[in-house]
Structure formats: C-alpha cells, structure tokens
There are 2 protein chains.
Amino acid sequence: MERVTMADVAREAGVSKSTVSQYLNKRYEYMGEKTKQKIEEAIEALGYQPNFLARSLKQKRTSLIGIIVANITHYFSTEVSRAIEDFFHQYDLQAIVCNADDDPEKEKKYIEMLRAKQVDGLIIFPTGKNNDLYESMVKQGYPVVFVDRKVENLDVYSVITDNSESTYQAIQHFIKKGHRNIAFVVQPLTVSTRMERLHGYKKAVKEAGIELNPNFIIEANIPEMKEKLESLFSSEEKPTAIFAANDRVFIALGEFLKEKGMKFGEDLEIVVFDNIPFSQLLETPITFIIQPASEMGRKAAELLYKQINKENSDPEVFVFPSKII
Amino acid sequence: MERVTMADVAREAGVSKSTVSQYLNKRYEYMGEKTKQKIEEAIEALGYQPNFLARSLKQKRTSLIGIIVANITHYFSTEVSRAIEDFFHQYDLQAIVCNADDDPEKEKKYIEMLRAKQVDGLIIFPTGKNNDLYESMVKQGYPVVFVDRKVENLDVYSVITDNSESTYQAIQHFIKKGHRNIAFVVQPLTVSTRMERLHGYKKAVKEAGIELNPNFIIEANIPEMKEKLESLFSSEEKPTAIFAANDRVFIALGEFLKEKGMKFGEDLEIVVFDNIPFSQLLETPITFIIQPASEMGRKAAELLYKQINKENSDPEVFVFPSKII
DNA sequence: TTGTATGCGTTATCAA
DNA sequence: TTGATAACGCATACAA
C-alpha cells in the first residue's frame, strides 16, 4: 500500500512538484493547457490521492472539529451532534464525537487529545469540573462553544435552554390540574441543568403555597433510582405526578412502574424533560419538555464556525426556550 | 494562539529537539535525571502540547478510523458505532462518523475524504453501489470492514446478521398463530438486507402453502409509505399481521395506524426487524427481531484492528444471529 | 547520554 | 508560466 505522492505525479508528468501543487489548488491562471493536461493524465494513471495530513501541517488547519458530549446515551446529545455535523458538512469540515461519560477526567483527556490532533475548534457539553482548562482555552483564543450546560465565571459562547423556566411552567401546569403531591426525580445535582430544573420546580411549588416535601425530591444515580422510588411509593404520602429530569430518569421510572404494574397517565401523571425518539408511538399521555436540539446544535456550530474564521465578537449566552407538549 | 513547538521546549531546557522527542516518547533509558527534569520544567513553563499531525505525517498513522454509516437516523447504526468507538477507545484510536444517507455519491466522497485524511482504516455500512471503489481499497490492502450489508463478488471482511433466517422464523411464528394474511412492508429493495428479509418472508409463506399475494408486499420510500398502506387497507383482503422491515418503516406504520385509530396488537399483529430504544416502554405486545448490535460492532472493530496491525488472515464473513423477542 | 541531519508530503516564496 | 528551495513539527538513524 505504498502511497503515490505529489513527487511521483510530478515525475510522471515531467513537471515540478510546485506545478502539481498549483494545479491541485486550482490556481490555473498562469498554467499552460498542455501542462494541465499532462498533470491530469499523470494523476489518473497513478491513482494519486492528496495527503491532507501534510497539507494540514503546512496550513495549520485540519478541517476537523471536535464534539465532546457529556453522555452519548442521552438522545438529546445525538440530536445536537447531528445538527452540528450537518452544519459543518456544507463547509467540508468533519466532526469527531467523543463521549466524556460525565467524567471530568475523561473530558480533560479528550480535550487534550483533540487539541493535540489540531482540530480547528471544539464544541463541549461540559462536565463543569474542568474550569481551569476551559479558561486556558478561552484565553488562548482557541475556538470553543459550550452547549447544554453553563460554565460558571467564564465568559464564553454558550447555547443552553431555559431549564428553570420550562420546569416552572410544567409544574405550574400540574398544580393547576389539582396535583399537590408532585415528585421530582433527578440524577445527582452536579450540573447546572439539573440544578436549574430543580430550581424551577421549587419555585412553582412554593408559589402555589404547597409545602415542599423533601421526600418528593429523589436524587439518585440511575442504578439506585429504583430503590429510591421503591421507598417513595411505600411511604404514606404518595405522589400523584412525577417530573423526570431527563430521558434516562424516565426510562428508569418506566421500568419501575412496569414492574409495579402501574401505568403512566392512569395511576400517575408524568412530565419528562427531554425529547425521546418514538415518543409519538407511546399511547399514554405523557408531557414532554422538548429542547430545540437541532436549532441549538446549528447555533453552536455557527458560533464555532465564526470563531474559526476569526469573525470575532464578544462571547454571548444564547438561551433557547423549550416547548411543553 | 501561537503554538509552542518542540524546538521551543528544547531551547528553554537547553537541550536539542531529539532529546525532547526521546523524552516525550518515554525512552528514558539513557536519559540523565537532570535533563529529564529540565525538560519537564520547560514543558510545564511553556504549556507545550505535542502536535499529533506532525507525528502522524512521520509515522504514517493517524490513530483515527472512519465509520461510514448508511443512515445515521437508523438506531441500529448508532448502536454499532458506539460499540466500535468503545472498542477503539482502549487503544487510543478515535472514530470519525460520517453519514452517507444511503447515497452512493456521498459514500464515495466520504471514502475519498477519509482516506485523504489518512485514517488508519474504514468500517462501512455499504450502499452496495460503489463496488469498484471497494475493490480498489481491498486490492491495495487498505484495512476495511463491511457491516450490516453484504457486498457482492468481493472477498472482504463482513459482519452481518442472518436476515433471511430470522425473518423466516418470525413469519413462521405468525403463521402458526393462525395468520394467513401477512403483509411485508419495506423500503426500496436496493440493499441486501431488505432483499434477504423478503426472501425469508417468501420462503415461510410458500412453505406454509399460502399463496403469495403480491399486494401484501409493500415496497416504498418512507414518504410514500402511508399512501401505499392506505390502499392496502382499503382493499378487500386486509392483512392481520404486518412485518416492518426496519425501524423507520415501523415509525411510518405507527403513524399511519394512529391516524386510522387502529392499535398495534389489537387490530393488527406486528413484528419489527430492528431494535428500537425505549421499546420496553411500549405497552403493546410487538415482536422485535433484535440484531446484536454491540457484538457486531465489537467484532467489526476487532477485525479492523487486526488489519491495521497487519495481523492478516483471509477475509471472512461473520454472521450474527438475531433474536426474536 | 545527547546532538546532527534528514525526511514525511505538502504549500509558499521567490527567482528564473 | 514554471521550478528550486525552504518551511510545517516531529521522529529516527547515526554520530559524537
């Protein structure tokens, strides 16, 4: 599998490397018709394919961008990634997607790896635990955009949704329907999205004059969630409605209810903060808070693209409202 | 954002570039403690980060592999991709995922682009329409593995499932339950998977002595599918069971039935050839033919990895049985 | 134990 | 209109 290089083409065509390079970069202006022809033939004959690596080294651009998602099993992440890829495709930039698994160490490793590979920019769903690293990138003027979660004390481009407000409205809606025992189920409150959603919940409950029952706030890792739900449902005051803070919580909840022989909608009203695929196939009336994933991805991509092309403006935070359906 | 290079580190530490290179590649054996120290300090002080690009150019390895999926909205593809990424992660190889959108032109473009970027190998869900290109890669000894679909007349590593057999069994099951009007809904029969599934269907029907009703075979693109279903259900002989050849067909079918006020399981029995996420949340009894996506992905990754490391054996086709649940 | 020289496959500068 | 030549940042054989 010896590769054919520009030098081989040059030799075959009887011209110099630089001429071939000119040709490849379509700088035909000063090029003789016959040389053009000869080079074309040589390329054809040898099956030459340019080496982007060498070009990148020279040009200091790889046409690669990196996406570091916090959790790839989260459907929202894949939707956003897809939108980002679509956007960059039109400019012939490819994306490398890495999964940090909500682990700050992994995140750090990926950031360093991608930068070592000279990707032109980075879109990150931050764990929020590597602020020094984030800061150093921003200071160096390296193109970077944060998605989904806020980074504290750092002036960066961010694309997020109105977690608190959407949750607030959804809970308010439940309260209007007469619910007073509303549980809030969430994974550990380590990232801004979860905290903001809880904030919205608390606000709605308080405003309605309902006393906040701490037992109704279930904070647990997915594997422990069923256990906690178990004890919630075996206590005296049972919830009549549940807020699932994201899709993975929803799945755990769904499995739990199935085991218990309970049904969404009938025994328990549910709102899920997340889009899930195939939701239209579910027959039970579940409320979803949908984040505009595609729009958010596109926006993030656009912001990154501008930075890559040095169209600099001041970092801004873009908040996209979610829809309750 | 001027990058710090090895030369800078060497100058700062008062040694030569090669010594720094040695250090970075952990060839400490003959290195003096004090030099080591000095280099360490210099790297720290300058915030040096190695440039993989230059290294790759030299070593002719990028530690990047490419995955070209036929359709990224197909859940199976994402599962396989994830398994591939997981596998390569342990060897510090990253994957670039590209979406060919079932378009042979796009596929060709991506193959060329990824090879120009010098990725170490390729895993492809082939459209099946670029056989010349596939062949040239194989002939050149370029590491490549095909997944999901067979490539005709080409001796290559492939990882597929037993489409025909699984379908045959599923249809047989329906027949045993008394169904005789079983429809088969599929996207255009352009790829091996769909044709094989149809083959399994026909075989089961024929063996049972049921006359093959061509009206029960619906072949259409997703956008036209509802229309075709419409005419199927307005004809005299209506199906009592339906085979959906993949998840996208299933969605179209689901939407159609919802519009018509019909329900899975009750009005119509359904089997879907594909895993879908959240399937455990569906309450109706739908039969799924599940492909072992993770295992298939891992196998494909393993086969590619071996090729990359020149552990050559003869190309083989690995068939993974699907499970009917 | 460390340094020098050379090359990887391009592009860019300048001269011819 | 084309060609020499020097980078790009690193790795490696060989010399010291």
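Chain letters run A, B, ... following the sequence lines, proteins first, then strands; residues in each count from 1.
- The shortest distance between the side-chain N/O atoms of B:S16 and the OP1/OP2 oxygens of C:dT4 is not below 4.0 Å.
- Checked for salt-bridge contact, B:E40 and B:K36 miss the test: no charged N lies under 4.0 Å from a carboxylate O.
- Of the candidate nucleotides C:dC8, C:dA12, C:dT1, C:dC8 has the atom lying nearest to any side-chain atom of B:K58.
- Rounding to whole angstrom units, CG of residue B:L57 and C1' of C:dC8 are separated by 4 Å.
- If you check every strand for non-hydrogen atoms under 4.0 Å, B:S56 touches nothing.
- Taking the ring centroids of A:Y134 and A:F146, they lie under the 6.0 Å cut-off.
- Within the 4.0 angstrom heavy-atom criterion, no nucleotide atom of any strand lies near B:Y23.
- For the OP1/OP2 pair of C:dG3 and a distance below 4.0 Å, the side-chain nitrogens and oxygens of B:T19 include at least one atom meeting the criterion.
- Residue-level contact check: B:V20 touches neither bases nor backbone, having no heavy atom under 4.0 Å from any strand.
- Spacing between atom CG of A:N25 and atom P of C:dT11 amounts to 5 Å, rounded to whole angstrom units.
- Spacing between atom CG of A:L46 and atom P of C:dG9 amounts to 14 Å, rounded to whole angstrom units.
- For the pair B:Q22 CD and D:dC14 C1', the computed distance is 12 Å after rounding to whole Å.
- If you check distances only, the side chain of B:S18 does reach the base of C:dT4 with a donor-acceptor pair under 3.5 Å.
- Within the nucleic acid shown, B:S21 comes within 4.0 Å of at least one base atom, counting heavy atoms only.
- Using a distance-only test at 3.5 Å, with no hydrogens or angles considered, a donor-acceptor pair links the side chain of A:T161 to the main chain of A:F320.
- B:Q307 and B:P143 get closest at one heavy-atom pair: OE1-CA, 3.3 Å.
- Residue whose closest nucleotide on DNA chain C sits further toward the 5' end, between B:K34 and B:K60: B:K34.
- Computed from coordinates, the B:Q59 CD to C:dT6 P distance equals 21 Å when rounded to whole Å.
- Atom P of nucleotide D:dC10 and atom CG of B:L24 are separated by 8 Å, given to the nearest angstrom.
- Aromatic ring pairs are classed by plane angle as parallel below 30°, tilted from 30° to 60° and perpendicular above 60°; the pair A:F87 and A:Y305 is perpendicular.
- C:dT1 atom P lies 14 Å from atom NZ of B:K38, rounded to whole Å.
- One can find a donor-acceptor pair under 3.5 Å joining the base of C:dT10 and the side-chain atoms of A:K17.
- Atom CZ of A:F52 and atom P of D:dC8 are 22 Å apart (whole Å).
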